[in-house]
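The block underneath contains the structure these notes are about, expressed in structure tokens.
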Amino acid sequence: MAQCEPSSGQRDCENGPESRSAAESEAATFKRASDRLLRARSRPPRRVFLFSGHMIDAPDRPSPRFPPHREAAAAREIAAALDRHQAGPDDLALAQAAAGGDLLFLEACHRRGVCCEVLLPFDEPEFIERSIRPSANGDAWLQRYRALRAEAAISPRVMPVELGPLPEGADPFERCNLWLLHSALAFGADKANFICLWNGGGADGPGGTAHMYQEVKQRTGQVDWIDTRTLV
């Protein structure tokens, strides 16, 4: 692979030909996946609700971010956000399905008759081990995931299947965020509403809610931010 050499400041590794080619390839990959999602629907949704939010804290988390005792308050705020937008059967919901915010959002959408599409960064068994079981009461969250999957007839879309292998140097959670966002915007930026459950801080690693928030803000201002620090 070619190396970037320092220069007077006009050249940048991130803006070089190889980087542009990789970005264009990813954009084409996202478009193909979005097109499949579009074709899978008999009619366009009225609105598209995109969600990202914190997992319920693991029992050994050193600093609380979304502790279990705030779950009920978070569920109320998510429900209120959906009701403000009159979410219903003509709408579409897009999210991962991690224990905590994701599942609270999907459960609330299902209760309102919203069609739920779940996009996972890994195959389902790996996702369960990484994003459901580690949380507090992980086994109970897994039961909720399986119940929702059955009741809502959800067939998760798995990123390695839908998009192909992870590009060199890419993070799976960041890529899944971008896949979710591109999927929402494929129906029209004016239809997309982003709901996030976030403490306003940085993520534990790449691809968290902070990353999704920044990506959404670059493209649309339609954000409902539920601050976990204010939940009571």
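Hydrogens, waters and symmetry mates are skipped; everything else that's a heavy atom, side chains included, is used.
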Do the side chain of Asp171 and the main chain of Glu174 share a donor and acceptor less than 3.5 angstrom apart?
-> yes
Taking the side chain as every heavy atom from C-beta outward, state whether Met159 and Phe122 have any pair of such atoms under 4.5 Å apart.
-> no
Centroid-centroid distance, Phe30 to Trp179, less than 6.0 Å = no
Where do Ala33 and Leu163 come nearest, in terms of heavy atoms and distance?
-> CB-CD2, 3.5 Å
Rounded to the nearest 0.5 Å, the CG atom of Asn193 sits from the CZ atom of Arg84 at a distance of 10.0 Å
Gln86 atom CD: more than 12 heavy-atom contacts under 6.0 Å | no
Applying side-chain contact (heavy atoms from CB on, under 4.5 Å), run through Asn199 and His54 and close with a yes or a no.
-> CA-CA 8 Å; Asn199 68 353; His54 293 315; 3.3 Å; yes
Does the side chain of His85 reach to within under 4.5 Å of the side chain of Gln222, using non-hydrogen atoms?
-> no
Flag, side chain of Ser131 to backbone of Ile128, donor-acceptor distance under 3.5 Å | no
Given side chains that start at C-beta, do those of Leu119 and Gln96 come closer than 4.5 Å, heavy atoms only?
-> no
Closest heavy-atom pair, Val223 versus Cys196, reported as atoms and distance to 0.1 Å, is CG1-SG, 4.4 Å
Looking only at heavy atoms, which two atoms of Pro160 and Pro121 are closest? And how far apart?
-> CD-O, 3.7 Å
How far apart are the closest heavy atoms of Pro59 and Pro134, and which atoms are they?
-> CD-O, 3.6 Å
For Glu107 and Ile78, run side-chain contact (heavy atoms from CB on, under 4.5 Å): C-alpha distance rounded to whole Å, both residues' side-chain angles, the deciding distance at 0.1 Å, then the answer.
-> CA-CA 10 Å; Glu107 289 172 342; Ile78 290 170; over 6 Å; no
With respect to Asp90, which candidate in Arg41, Arg43, Arg112, Arg46 satisfies the salt bridge (Lys or Arg N to Asp or Glu O under 4.0 Å) definition?
-> Arg43
Are any of the side-chain heavy atoms of Pro45 and Phe187 separated by less than 4.5 Å?
-> yes
CD1 of Ile132 to CD of Glu124, rounded to nearest 0.5 Å, is 7.5 Å
From CZ (Arg65) to CZ (Arg70), nearest 0.5 Å | 12.5 Å
Can you find a heavy atom in the side chain of Pro206 that is under 4.5 Å from one in the side chain of His211?
-> no
Phe194 side, atom CZ; Leu180 side, atom CG - distance, nearest 0.5 Å | 9.5 Å
Centroid-centroid under 6.0 Å between Phe127 and Tyr145 rings | no
Linking I/L/V/M/F/W/Y whenever their side-chain heavy atoms sit closer than 4.5 Å, directly or via other members, would Phe51 and Leu37 fall into one cluster?
-> no
Name of the residue among Arg175, His182, Lys31 meeting side-chain hydrogen bond (donor to acceptor under 3.5 Å, both in side chains) with Glu26 | Arg175
Is a side-chain donor or acceptor of Asp57 paired with a backbone partner of Pro64 at a separation under 3.5 angstrom?
-> no
Within one Ile-Leu-Val-Met-Phe-Trp-Tyr cluster: Trp198 and Ile226, side-chain cutoff 4.5 Å | no
Under-4.0 Å salt bridge between Asp91 and Lys191 | no
Find the distance between NZ (Lys217) and CH2 (Trp225) and round it off to the nearest 0.5 Å.
-> 9.5 Å
Derivation of the side-chain contact (heavy atoms from CB on, under 4.5 Å) call for Ile195 and Leu82 | CA-CA 9 Å; Ile195 300 173; Leu82 290 169; 3.8 Å; yes
Cluster check Trp141, Leu197: I/L/V/M/F/W/Y, side chain < 4.5 angstrom = yes
From CG (Leu106) to CZ (Arg144), nearest 0.5 Å = 11.0 Å
Going through the checks in order, is the side-chain contact (heavy atoms from CB on, under 4.5 Å) test met by Phe49 and Leu92?
-> CA-CA 6 Å; Phe49 296 104; Leu92 174 66; over 6 Å; no
For residues Gly208 and Asn177, report the shortest heavy-atom separation together with the two atoms involved.
-> O-ND2, 3.1 Å
Do Leu166 and Val161 sit in the same hydrophobic cluster, where Ile, Leu, Val, Met, Phe, Trp and Tyr count as joined when their side-chain heavy atoms come under 4.5 Å apart?
-> no
Note: Ser34 and Ala186 closest approach over all heavy atoms is CB-CB, 3.7 Å
Do other residues, nucleotides or ligands put more than 12 heavy atoms under 6.0 Å from the CZ atom of Arg146?
-> no
Are side-chain heavy atoms of Arg157 and Leu120 found at a separation under 4.5 Å?
-> no
ILVMFWY cluster, Ile56 and Leu142 together (side-chain gap under 4.5 Å) = yes
